[in-house]
Amino acid sequence: MTTAPNKNPELAPFQYEIGGVVLGTGSLVPVGNIEGLGSPATRSQDTDNANGDGTAPGRDFYGPRPLRFEAGIKTPGDPVKAAGILARLERTLDDPAARLSPDGRHVLRGRWPGHSTRRTYGRLRRVEATSTATAVHGWIPLDIEFVVLDNPRWYDDELSKLTLGLDQAAHATSADRSVDEVVGRPTACRRPAEPEHRPADARPGWITNHGDVPTYPSLRVHGPVTGPIRIWNSATRRVLELDVSLREGEWVALETRPNTCWALRNGTVNVANGLSPESRLDLFTLPPGRSEIAWTATDPSGTARLEVAWRSAYTTL
């Protein structure tokens, strides 16, 4: 398992970052107050009792999480720098990739004491200079609103990755249990323990979500392989089975994040029709803690590989 390099600016406790502009303690944009960091509003499905008192409770879903920053640009004696910071924030809001595309998102990063830097996804909806009376002195008070969409979770700023070949996948499932046992099917007999198997901690399929809530992985299979391709998680027992064959140099991507579930060959061709009925992309998550990813397919060359990318998910910043 590896961690991808992070090119974003490092944050200190009580600092935040939007579009490359750092806000908060010790920055040029101090923050006075933030509204909305608690639990997001819920969309309850309660129903009134038609024939008596009381209400039947339904399911409570989270709505969007609006975050409002009361901040200000503070560059004493340098109004040019203050205007430049305001312009950077306005250009971030105006980014067509995030503003005009239905699946476009801005990224808000933040860090609280005792935690590493975390991020959330949504739209920057408001950047307003509430007064320009003191702009000539390098002080511009700001009202910034960021709305968290899709889901209200915070994610690890570092992207974790795992690459798994078919030979490694077979080894990972044979150490203690068979494929049938991992996916929940009954098995006729149990393979005896073999002393030459490596310790559990060194098994190549282990995957860790350091957060406290499930997270959504991105999966990519590189050919050559002959389907069906089966990917499963040992803890959740969720399985993705895709009937597709790939030549050398081809790949198929499976995305599980909310509102972006897809199965694409080479990034353009929709192959979601090849998924089996029990293959639910929206339910294929990585639980908190350690679990195991494995996969099977037919690969005569022995060069096919599965790439898994994920960010640990948290309830709070």
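Side chains are part of it too, since the values below use all heavy atoms of this structure and drop only hydrogens, waters and symmetry mates.
No cation-pi contact links Arg111 to Phe14, judged by a cut-off of 6.0 Å to the six-membered ring centre and 45° from its axis.
A salt bridge links Arg265 with Glu250: the closest approach of a Lys/Arg side-chain nitrogen to an acidic carboxylate oxygen falls below 4.0 angstrom. Between Asp157 and Arg119 there is a salt bridge, since at least one side-chain N of the basic residue sits less than 4.0 Å from a carboxylate O of the acidic one. For Arg88 and Glu90, the salt-bridge test fails: no basic side-chain N is under 4.0 Å from an acidic carboxylate O.
Leu67 and Tyr155 end up in different hydrophobic clusters when Ile, Leu, Val, Met, Phe, Trp and Tyr side chains are linked at under 4.5 Å. In terms of hydrophobic clustering, with Ile, Leu, Val, Met, Phe, Trp and Tyr side chains grouped at heavy-atom distances under 4.5 Å, Ile231 and Tyr216 are assigned to different clusters. Taken together through direct or relayed side-chain contacts under 4.5 Å among Ile, Leu, Val, Met, Phe, Trp and Tyr, Leu264 and Val244 form parts of separate hydrophobic clusters. Ile293 and Leu166 fall within a single hydrophobic cluster, where Ile, Leu, Val, Met, Phe, Trp and Tyr are joined by side-chain heavy atoms under 4.5 Å apart, directly or via other members. Under the 4.5 Å side-chain heavy-atom criterion for Ile, Leu, Val, Met, Phe, Trp and Tyr, Leu37 and Leu124 are members of the same hydrophobic cluster.
Across all non-hydrogen atoms, the minimal contact from Ala129 to Leu86 is CB-CD2, 4.3 Å. For the pair Ala297 and Trp295, the tightest heavy-atom approach, listed with the atom from each and the gap, is CB-CZ3, 4.1 Å.
With hydrogens and angles disregarded, no donor-acceptor distance shorter than 3.5 Å links the side chain of Asp95 to the backbone of Arg99. Arg153 places no side-chain N or O within donor-acceptor distance of the main-chain N or O of Tyr314, the cut-off being under 3.5 Å. In terms of modelled atom types and a separation under 3.5 Å, the side chain of Asp243 and the main chain of Gly227 share no donor-acceptor contact. Under a 3.5 Å cut-off, the side chain of Ser279 and the backbone N or O of Glu241 do form a donor-acceptor pair. Looking only at distances, a side-chain donor or acceptor of His106 sits under 3.5 Å from a matching main-chain atom of Thr92. Checking side-chain atoms of Thr132 against main-chain N and O of Ala135 turns up no donor-acceptor pair under 3.5 Å. The backbone N or O of Pro102 sits less than 3.5 Å from a side-chain atom of Arg105, completing a donor-acceptor pair. The backbone N or O of Glu292 sits less than 3.5 Å from a side-chain atom of Ser234, completing a donor-acceptor pair. At distances below 3.5 Å, at least one donor-acceptor pair connects side-chain atoms of Arg123 with backbone N or O atoms of Gly104. Using a distance-only test at 3.5 Å, with no hydrogens or angles considered, no donor-acceptor pair links the side chain of Thr55 to the main chain of Asp48.
None of Val213, Val148, Thr315, Leu317 except one satisfies the side-chain contact (heavy atoms from CB on, under 4.5 Å) rule with Trp154; the exception is Leu317.
Atoms CD1 and OG, from Ile229 and Ser245 in turn, are 7.5 Å apart once rounded to the nearest 0.5 Å. For the atom pair NZ of Lys81 and CD1 of Ile85, the computed distance is 7.0 Å after rounding to the nearest 0.5 Å. Once rounded to the nearest 0.5 Å, the distance linking CG of Asp282 with CZ of Arg257 reads 14.0 Å. Atom OG1 of Thr256 sits about 12.5 Å away from atom CH2 of Trp310, to the nearest 0.5 Å. For the atom pair Asn209 CG and Arg311 CZ, the distance stands at 13.0 Å (nearest 0.5 Å). Here the straight-line distance linking atom CG of Asn259 with atom CG of Asp150 works out to 4.5 Å at 0.5 Å rounding.
Between the side chains of Thr130 and Asp143, not a single donor N or O lies within less than 3.5 Å of an accepting N or O. Of the N and O atoms on the side chains of Ser291 and Asn233, at least one donor lies less than 3.5 Å from an acceptor on the other residue. For the residue pair Thr163 and Glu307, no side-chain donor N or O sits within less than 3.5 Å of a side-chain acceptor on the partner.
Between Tyr16 and Phe69, the distance separating the two ring centers is shorter than 6.0 angstrom.
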Verdict with supporting geometry, Phe284 and Leu219, side chain to side chain contact (heavy atoms under 4.5 Å, CB included): CA-CA 10 Å; Phe284 193 88; Leu219 309 165; 3.9 Å; yes
Let's go through Asp60 and Arg43 carefully: what are the C-alpha distance in whole Å and the side-chain angles of both, what is the deciding distance for salt bridge (charged side-chain N to carboxylate O under 4.0 Å, His left out) to 0.1 Å, and is it a yes or a no? CA-CA 6 Å; Asp60 288 350; Arg43 297 181 288 107; over 6 Å; no
For Arg109 and Glu17, run salt bridge (charged side-chain N to carboxylate O under 4.0 Å, His left out): C-alpha distance rounded to whole Å, both residues' side-chain angles, the deciding distance at 0.1 Å, then the answer. CA-CA 5 Å; Arg109 302 168 63 241; Glu17 182 263 327; 3.0 Å; yes
